[in-house]
Structures are given as C-alpha cells and as structure tokens.
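Letters go in sequence order (proteins before strands), and every chain restarts at 1. Basis for what follows: all heavy atoms, side chains included, without hydrogens, waters or symmetry-related copies.
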Protein chains: 2
Amino acid sequence: MASDHTRSAILAAAERLYADRGFGDVTLRDIVAEANVNLAAVNYHFGSKDELIAELFVTRSIATNRERLRELKAAEEQGGGRAPIEVILRALVGPTLRGCLGPENQRSTAARFMIRASIESVPPIRRIKNREIDHLRKFAGAMRRSLPDRSDVDIYWGLNFALAMAHHTIRESERLTKLSDGKCDLDDVEDVVARVVNVATMALTAGKAEAKVPSRIAAR
Amino acid sequence: MASDHTRSAILAAAERLYADRGFGDVTLRDIVAEANVNLAAVNYHFGSKDELIAELFVTRSIATNRERLRELKAAEEQGGGRAPIEVILRALVGPTLRGCLGPENQRSTAARFMIRASIESVPPIRRIKNREIDHLRKFAGAMRRSLPDRSDVDIYWGLNFALAMAHHTIRESERLTKLSDGKCDLDDVEDVVARVVNVATMALTAGKAEAKVPSRIAAR
DNA sequence: TTGCAATTCAAACACTTGTATGAAACTATC
DNA sequence: GATAGTTTCATACAAGTGTTTGAATTGCAA
C-alpha cells in the first residue's frame with residue numbers, strides 16, 4: 001500500500017497534460033516529468049500507459065454516470081415510477097454538459113480531460129465507451145415509461161439525438177463560438193442544457209400529446 | 001507528369017486502409033505494401049504522410065461541400081432568393097449522411113474513410129476542418145433569409161444541432177444499431193435525413209410560425 | 001539492528017515510426 | 001541512340017515510443 005503519493009501524482013499530472021495537449025502528443029516521459037517521478041513508475045503502478053488512461057477515464061465517467069442515474073432515479077421516484085420526459089432528458093445530458101462546459105478559466109481539469117476524451121478517441125477509451133450501452137438502456141427504459149404510446153424506434157432516435165446535441169456541442173464548442181461571433185454563449189451552461197432538452201423533447205413528443213409540453217420555451 | 005499510376009495507387013490504398021483500420025494503426029509501410037509501391041514513393045509524391053492524409057480529406061470534403069452548395073443554391077434560386085428551411089437543412093445534412101450511411105456492403109470506400117475522419121480526428125484533418133467555418137456561414141446566411149424573424153442566436157443553435165444530429169448519428173451508427181437491437185435502420189438513409197431535418201426544423205421554428213411547417217412528417 | 005518487502009531509479013532494450021539518401025531504372029526529347 | 005529529367009528502389013537514418021531490467025533505496029516489522 002505504502003505512500004500512494006507517486007500513484008496519485010502520476011494520475012494528476014497525466015490528467016492535466018492530457019487535458020491541455022490531448023492524448024496525441026503527450027508521452028510517458030512528459031507525464032513523469034510533470035509528476036516528478038521516475039519513468040518506470042507508470043508501468044510499476046499502472047501496468048501500462050493504456051491502463052493509466054483507462055483508469056483516468058473510468059474514474060471520471062463512473063462519476064458522471066452515477067450522477068445521471070441519481071437524477072433519473074430521484075425523478076422517477078418522485079413521479080411514482082414515471083418521470084416527465086424533460087426531466088429524464090435533463091438527467092441524461094445535464095451532468096455531462098455541466099461537467100464539460102462553463103467558463104473556461106474555472107473549468108476543472110477533469111472537465112477538460114473529458115472533453116479531450118470525447119474529441120480524440122484513443123483505443124483504451126473506445127473500449128470503455130462500448131460498455132456504456134447498458135447504461136443508456138436504463139434511460140431508454142425510463143423514456144419508454146414516460147412516453148408509453150411512443151414507438152421504440154422513436155424513443156431510440158430521441159435518445160440518440162439528445163446525446164448528439166450534447167456531445168457535439170461540447171466537441172465543437174469552440175467552433176460554435178467562432179461561427180456565431182460569440183453570440184452563442186457556451187458559458188451559460190443551464191441555457192445550453194435547456195436548449196438541448198427542449199429540442200429533444202420536441203423530437204420525442206411531436207405529432208402526439210403536444211399539449212404535454214408546457215415548458216416548451218422554458219429555456220432559461 | 002508521367003504515369004501518375006503510383007500516385008493514385010497510393011491514394012487508393014491509403015483510403016482503403018484508413019477506412020478499414022483507422023488512422024491510428026496504419027503506417028506508411030502498410031500503405032506502400034497495399035499499393036505495391038516503394039516506401040519512398042509516398043514522400044516523393046506527397047512530401048509527407050500528413051500531406052497525403054490532407055489530400056485525401058480535402059478531395060472528399062470539397063466534393064461534399066460542392067454538393068451541399070449546389071443543393072442550397074438550386075433551392076434558393078427556385079424560391080427567389082429564399083428557400084424553405086427544411087430544404088436548406090436537407091442541403092446541409094443530406095450529402096454528408098448519404099455519403100456516410102447506407103448499406104454497409106455497398107458503402108463506398110470514400111464514405112467509410114469520411115466516417116473515420118469524423119471519428120478519429122488526426123492533426124492534418126483537424127487543420128482543414130477549422131477552415132470549414134466560411135462554408136457554414138453560407139448556410140447560416142441562407143437560414144437567416146429563410147427565417148428573418150428568428151434571432152441570430154437561434155439560427156446558430158439550430159445549425160449546430162442539425163450538424164450535431166447528422167454527425168453523431170454517423171459516428172455512433174454502430175452503437176445506435178446495437179442499442180436499438182437493429183430497430184433503428186441506418187441503412188434507410190432517406191429516413192435518417194428526414195428525421196434529422198424534421199427535428200432541426202422544429203428546433204428552428206418552435207414558438208413562432210409553426211404553421212409554416214406542413215411537411216412535418218414528410219419523412220419518406 | 002536485522003531482514004524483507006515495497007518502491008524508486010538510471011539505464012538500456014526492442015521496436016516502430018516517418019524521412020532522407022544516392023544509386024539504378026526508366027521515359028521521352030532531340 | 002545519347003542525354004536529361006523523372007521516377008523507382010533498397011537501404012539507412014534519426015528520433016521517439018512504451019516497456020523491462022536489475023540494482024539501489026526506502027520503509028516497516030520482528
């Protein structure tokens with residue numbers, strides 16, 4: 001067990017460097033220099049570079065997933081097993097958006113790391129992401145309970161589009177800011193969440209039961 | 001000028017390999033083996049590996065962009081300088097979706113290459129993508145002309161969400177298929193286009209002038 | 001203190017990568 | 001058919017990578 005100090009110094013340094021410069025051009029030697037530890041320490045403590053990356057990503061994403069499920073569960077319990085679709089969608093995209101957007105200077109290292117992870121896509125992370133399907137199924141289930149007269153296909157497409165808007169906005173936040181000359185304010189996270197939830201809700205409820213969406217322009 | 005044969009053999013082989021295995025683990029030696037040319041040929045004909053990748057990507061994306069602008073221009077001319085928003089959106093996401101989705105076995109190498117390019121994100125491609133903003137501005141302009149009483153912010157968000165749904169669906173097509181147990185048919189490209197356009201249209205027209213969207217479920 | 005395990009360290013290893021070289025083989029022009 | 005320019009080729013280069021090794025050091029228990 002021992003000090004554990006080296007181990008966490010490596011984790012911190014790696015997260016910082018990956019967040020700043022991406023996975024592509026950060027080597028083990030960069031990491032150990034930043035952490036002030038010996039080169040061999042990484043392999044000693046983590047086994048390999050990939051396992052280090054995987055541990056970083058897993059730690060962060062189970063945190064996000066736990067947060068998502070916590071919100072979802074709370075909403076469903078409050079609604080007696082059936083939550084409003086907007087609340088479900090908010091539980092799905094809210095934690096991720098809140099974790100990755102917001103004023104850059106006060107954006108956490110963890111957040112910037114997760115943005116990188118969603119932009120670059122390196123093998124160990126891809127492998128982990130593939131196991132995320134079970135997690136998404138839980139949301140699909142909740143959405144089906146919320147909109148029982150909606151077909152499965154529509155549910156999945158709605159889920160897909162909700163994630164699409166959230167992730168793409170994170171990935172391309174810089175471009176959207178530039179394209180809109182700063183008119184789209186990505187630092188106002190709750191506005192972004194509201195916009196995504198709003199559109200996804202429309203996608204899922206259009207055509208039937210539209211009256212069920214009173215907070216259509218609840219954005220903000 | 002000469003035969004040009006080696007040059008195009010390299011391009012073809014590179015595109016094929018990148019499409020199949022991604023940028024990450026295809027080396028120059030793999031490419032020249034596939035193309036049956038000498039290792040030095042790549043640097044002789046293209047200067048460097050990055051320039052080879054860039055040429056591949058530029059070729060494909062100017063083709064897509066040209067197609068998009070062609071559709072857009074035709075629509076605006078027919079409408080006397082103002083095209084319906086659905087048609088604009090269709091011009092924006094249609095070519096990309098048609099280029100990248102469709103039955104896998106008949107999916108072109110070019111299509112699979114572009115999917116990779118949108119998944120992996122390697123430096124030379126990133127550099128090129130950054131220059132895509134001017135191209136998007138043209139669409140923002142057309143959208144503004146189509147929806148003159150919509151704020152710029154809403155226009156940009158709508159544009160962002162439309163691209164989000166299209167690209168994410170391409171990137172994660174495999175996952176969506178798995179998640180939905182095949183219920184979401186990504187081979188039916190026109191259905192996908194219709195869904196994306198439909199949702200993006202709602203996002204852009206919700207709240208006002210909703211009557212202007214008669215073909216809401218014009219999907220297919 | 002002694003002994004033993006856990007940890008650190010410098011160094012080297014093994015391998016892959018993209019690129020450069022210079023001679024050889026072509027190709028076309030005169 | 002000699003010549004100049006282009007293209008091909010085998011080979012070497014230089015640099016960087018993650019990983020391993022085995023000895024040195026540390027920390028802790030007996």
Side-chain angles (χ1 to χ4, degrees), chain A residues 1-58 113 116-117 120-128, chain B residues 1-58 113 116-117 120-128:
Chain A
M1 191 104 324
S3 76
D4 225 24
H5 165 269
T6 304
R7 212 186 126 85
S8 45
I10 292 173
L11 283 171
E15 186 167 51
R16 212 174 322 143
L17 287 177
Y18 284 141
D20 285 345
R21 293 159 36 192
F23 298 98
D25 45 77
V26 172
T27 72
L28 281 190
R29 283 168 176 81
D30 294 331
I31 294 173
V32 300
E34 176 85 358
N36 277 309
V37 300
N38 188 272
L39 174 60
V42 171
N43 289 277
Y44 179 78
H45 285 282
F46 298 91
S48 71
K49 185 195 189 185
D50 278 10
E51 288 173 87
L52 166 62
I53 294 178
E55 176 158 338
L56 275 171
F57 184 71
V58 167
F113 172 81
R116 284 289 181 189
E120 278 195 38
S121 166
V122 33
I125 290 184
R126 257 197 302 268
R127 277 193 288 274
I128 295 164
Chain B
M1 191 94 328
S3 77
D4 227 23
H5 166 269
T6 304
R7 212 187 126 86
S8 46
I10 292 174
L11 283 171
E15 186 167 53
R16 214 176 318 143
L17 287 177
Y18 285 142
D20 285 345
R21 294 162 32 194
F23 299 98
D25 45 77
V26 172
T27 71
L28 282 188
R29 284 168 175 80
D30 294 331
I31 294 173
V32 299
E34 176 86 0
N36 277 309
V37 302
N38 186 271
L39 174 59
V42 172
N43 288 277
Y44 178 79
H45 285 282
F46 298 91
S48 71
K49 185 195 189 186
D50 278 10
E51 289 173 88
L52 164 61
I53 295 178
E55 175 157 339
L56 275 171
F57 184 70
V58 167
F113 171 81
R116 284 289 181 189
E120 277 194 41
S121 165
V122 34
I125 290 183
R126 255 198 303 267
R127 276 193 288 273
I128 296 165

At under 4.0 Å between heavy atoms, which parts of nucleotides 22-27 of chain D does protein reach? Answer with one letter per nucleotide, 5' to 3': B base, S sugar-phosphate only, - none. ------
Counting only side-chain heavy atoms from C-beta out, which of C/dA6, D/dT17, D/dT19 sits nearest to A/Thr27? D/dT17
Between the OG atom in B/Ser8 and the NE2 atom in B/His45, the distance rounded to the nearest 0.5 Å is 9.0 Å
Of the listed nucleotides (C/dT19, D/dT19, C/dT8), which one gets closest to any side-chain atom of B/Asn43? C/dT19
Among D/dA10, C/dG18, D/dT19, the one nearest any side-chain atom of B/Leu28 is C/dG18
When rounded to whole Å, the NE2 to P distance for the pair A/His5 and C/dT7 reads 14 Å
Counting heavy atoms from C-beta on, name the nucleotide in C/dG18, D/dG18, D/dA10 closest to the side chain of A/Arg29. D/dG18
Separation of B/Lys49 atom NZ from C/dT17 atom C1', in whole Å? 8 Å
C/dT8 phosphate, OP1 or OP2: any side-chain N/O from A/Thr6 under 4.0 angstrom? yes
Roughly how far, to the nearest 0.5 Å, is the CD1 atom of B/Ile53 from the CZ atom of B/Phe113? 7.5 Å
Figure out the CG/P separation between B/Asp25 and C/dG18, and round it to whole Å. 11 Å
Non-hydrogen side-chain atoms of A/Arg7 and A/Glu55 separated by less than 4.5 Å: yes
Go through D/dC9, C/dT8, D/dT19 for me and flag the one nearest to the A/Asn38 side chain. C/dT8
Between C1' on C/dA24 and OH on B/Tyr44, what's the gap in Å once rounded to a whole number? 14 Å
Is the side chain of A/Glu15 donor-acceptor paired with the backbone N or O of A/Leu56 at a distance under 3.5 Å, no angle test? no
Nearest-angstrom distance from the residue atom CD1 of A/Ile53 to P of D/dT17: 13 Å
Check the distance between D/dT19's C1' and A/Asp50's CG and give it to me in whole angstrom. 12 Å
Find the distance B/Ile10:CD1 to D/dT7:P and express it as a whole number of Å. 12 Å
Respond yes when some side-chain nitrogen or oxygen of B/His45 is under 4.0 Å from OP1 or OP2 of D/dT8, and no when none is. yes
One should read off an interatomic distance between B/Asn38 CG and B/Thr6 OG1, to the nearest 0.5 angstrom, of 9.5 Å
Can you give me the closest heavy-atom contact between B/Asp20 and B/Arg116, atom names plus distance? O-NH2, 2.9 Å
Which sits closer to the 5' end of DNA chain D, A/Asp30 or B/Asn36, going by the nucleotide each is nearest to? B/Asn36
Can you name the residues that form a side-chain contact (heavy atoms from CB on, under 4.5 Å) with A/Val26, not counting sequence neighbours? A/Leu17, A/Tyr18, A/Arg21, A/Asp30, A/Ile31
Which nucleotide sits closest to the side chain of B/Leu39: C/dT8, C/dA12, D/dA12? D/dA12
